[in-house]
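Written below as structure tokens is the structure these notes are about.
Below, each value reflects all heavy atoms present in this structure, side chains not excepted, and no hydrogens, waters or symmetry copies. Along the sequence shown, the residues carry numbers beginning at 1.
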Amino acid sequence: MNAPVLLQAPRLQSALARFPRDRAMWIDGRDDRGTGERIERFSPAHGALVTRAPRGGRADAERAIAAARRAFDDGPWPRMTASERAGVLLKTADVIDRDGDLLAHLDSLESGKPVAQARGEIEGAADIWRYAAALARTLHGESYASLGSARLGFVLREPVGVVSIITPWNFPLLIVSQKLPFALAAGCTCVVKPSEMRSASTLHLAHLLDETGLPKGACNVVTGYGPEVGAPMTTDPRVDMISFTGSTAVGRAAMAATSATLKKLSMELGGKNPQIVSADADLEAAVDACTFGAYFNAGECCNAGSRILVQREIAKDFVARLAEASRQVIVGDRLDLETKVGAIISADHLSKIEQHVAAAKGAGATLPIGGERLISEGLFMAPTIVDNVDPSMQIASDEVFGPVVSVMTFETIDDAIRLANATAYGLSASVWSRDIDTAVNVGRGVRAGTVWVNTFMDGTPELPFGGYSQSGLGRELGHSAVADYTEEKTFHVHNGPRTNWWLPRAATRN
Ligand code: NDP
């Protein structure tokens, strides 16, 4: 495998010159610099300073929550018609498209992901805003005329209130777009905390929302570290709901923190997703999908197909083909349009990935390809296959979150299902088979929120996304994505003869 080539300084400088390095938080409809303390974000590929954002704290989070509360209790947003709210969401989609190139560069330079991939994510994000606008206008409750002639029942859907939205670093604009437009469509107001490593595109989004007419206070963005900004967002009694995406460990802690004030929760957490390859699969297609699933976004992806379960009789051939495909994956500079795998998010994270691989090797696994960082400058990890993994090894169940895929073998379809379900996670799975019974039976047997059959990582806003078990609570996207940000209010309406409860039955009025 060739070492990645870093682009020359002039190209990087021209990319950096496209946006202001210094960013402010967005609170109550204006830029807010907090205490003035900053977090600097350096590009993980080039080491260049990319952005500076305020290091917010409890006071900033509380100011943002107060603004969101005022905007909900007294502001126009929850009282506007669905058509008016949808109008703002549609305009937001348009300005996301307009600024797509800038947003893609922000995400790419802060994270290390290829700019071409980031561009696709921004287009996907705009599409989600449009879908949320459509749902805004179809949100409705229920009515019951079946309760007798003297009674009608209605179920109203009302916005849940103030929502804390907490997002991770791997897909900043895409993940906030799986939450914020639906919360806004329902009439909620929000406080958003992006990861401190990747806040620029979310801050830019706040300005776009201002441009498209979102009332002040309806969306606030506070930057900073989880314990300093995220924690108060989970405990404040003025917050009604938490929508969190991140690791299972932090999600659990956030959930525990909400218990004193009993908030509504939506949790999208980690995954260790199996790709199950049966002996009768279209091997070329399966190898391609497994390569993509393992290395897309440098494997820093909740949905990564990080566990390949392959039927024993084809395992040797399959691993050889996978290694050959892995060898051809272009790892390199995110600004090069040919790059498929960029840099790893941070030096700490790269070390953790290496430790996972070293532990697997120490436990007896083999490495047909990869296993090492690629060059000393820039944080690049070689696409890595860990073969001969035993289910008892840590790497069989831990989320590595890097370009590392473990391979295990199975004999029968029942074994495959057992192996697939042998982790605490349940986010997604794929099955590769030309046999309809195998595909359907595996799909029904695995405990996962999404099952792909002879495909991998397809997504569309129309279909819900989320996990079983330790991969989360609830679903995002799909037709109920706006309803998830509502409370149901039951109305009983009496329209017939009265009875007096305290009078004897015989004396009641007719
Ligand atoms: P983390 O769980 O470390 O962080 C997620 C967010 O929570 C960050 O904004 C973080 O802030 C914040 N946070 C940290 N501590 C607290 C706290 N005490 N209270 C409230 N918020 C807090 O995840 P990563 O950012 O490392 O992202 C990677 C993880 O996200 C992986 O496990 C991945 O599987 C998961 N993920 C799940 C997805 C899904 O849809 N199921 C999609 C994408 C990712 P900060 O980091 O700034 O300190």
Side-chain angles (χ1 to χ4, degrees), residues 15-43 49-57 59-61 63-65 67-68 71 88 92-93 95-111 113 118 121-122 125-126 129 163-181 183-184 189-226 228-230 233 243 245 345:
L16 288 172
R18 299 162 69 119
F19 50 84
R21 308 265 172 98
D22 272 295
R23 303 244 151 202
M25 297 184 282
W26 185 256
I27 299 178
D28 208 12
R30 57 181 171 268
D31 281 335
D32 188 314
R33 298 193 181 275
T35 60
E37 209 180 330
R38 326 284 290 155
I39 297 173
E40 295 191 321
R41 177 68 186 151
F42 291 85
S43 144
L49 176 67
V50 182
T51 46
R52 281 190 208 93
R55 177 174 176 173
D60 304 300
R63 209 161 52 255
I65 292 167
V88 171
T92 306
V95 290
I96 290 174
D97 277 340
R98 183 197 68 199
D99 288 3
D101 203 39
L102 170 69
L103 287 162
H105 275 83
L106 286 174
D107 268 0
S108 170
L109 285 166
E110 276 193 334
S111 70
K113 73 172 67 197
E121 288 167 24
I122 305 300
W129 283 79
V163 183
S164 284
I165 293 178
I166 300 175
T167 59
W169 46 260
N170 52 350
F171 296 97
L173 199 82
L174 195 63
I175 289 178
V176 76
S177 298
Q178 292 180 3
K179 301 169 182 297
L180 182 58
L184 292 175
T189 60
C190 303
V191 178
V192 182
K193 190 203 103 55
S195 159
E196 97 282 349
M197 288 189 274
R198 301 284 307 279
S199 44
S201 59
T202 307
L203 288 169
H204 190 78
L205 177 65
H207 284 90
L208 295 184
L209 283 165
D210 187 52
E211 182 185 332
T212 56
L214 187 74
K216 74 174 186 145
C219 173
N220 308 273
V221 179
V222 187
T223 52
Y225 295 101
E228 295 168 8
V229 174
M233 287 169 62
S243 179
T245 297
I345 187 79

Return all side-chain donor-acceptor pairs below 3.5 angstrom for residues 211-223, not counting sequence neighbours, or 'none' if the list is empty.
residue, atom, partner, partner atom, Å
Glu211, OE1, Arg98, NH2, 3.1
Glu211, OE2, Arg98, NH1, 2.6
Glu211, OE2, Arg98, NH2, 3.4
Thr212, OG1, Thr92, OG1, 3.2
Thr212, OG1, Leu208, O, 3.3
Thr212, OG1, Leu209, O, 3.0
Asn220, OD1, Asp28, N, 2.8
Asn220, ND2, Cys190, O, 3.1
Asn220, ND2, Gly217, O, 3.0
Thr223, OG1, Pro54, O, 2.7

I'd like to check the side chain to side chain donor-acceptor pair (under 3.5 Å) partners of [X]; sequence neighbours left out, ordered by chain and number.
X      : result
Glu110 : Thr51
Asn170 : none
Arg198 : Asp107
Ser164 : none

Restricting to side-chain contact (heavy atoms from CB on, under 4.5 Å), what partner residues turn up for [X], sequence neighbours left out?
X      : value
Ser177 : Ala125, Trp129, Leu173
Asp210 : Trp26
Tyr225 : Ile39, Arg55, Glu196, Pro227, Glu228
Ser243 : Val163, Ile165, Lys179, Ser266, Glu476, Tyr485

Salt bridge (charged side-chain N to carboxylate O under 4.0 Å, His left out) with [X]: which residues, sequence neighbours excluded?
X     : answer
Asp99 : none
Arg41 : none
Arg21 : none

Q. Can you find a heavy atom in the side chain of Val192 that is under 4.5 Å from one in the side chain of Leu205?
A. no
Q.
Check whether His204 reaches the backbone of Ala200 with its side chain - one donor and one acceptor, N or O, closer than 3.5 Å.
A. no
Q: Answer yes when Arg33 and Asp22 have at least one side-chain N-carboxylate O distance shorter than 4.0 Å, and no when they do not.
A: no
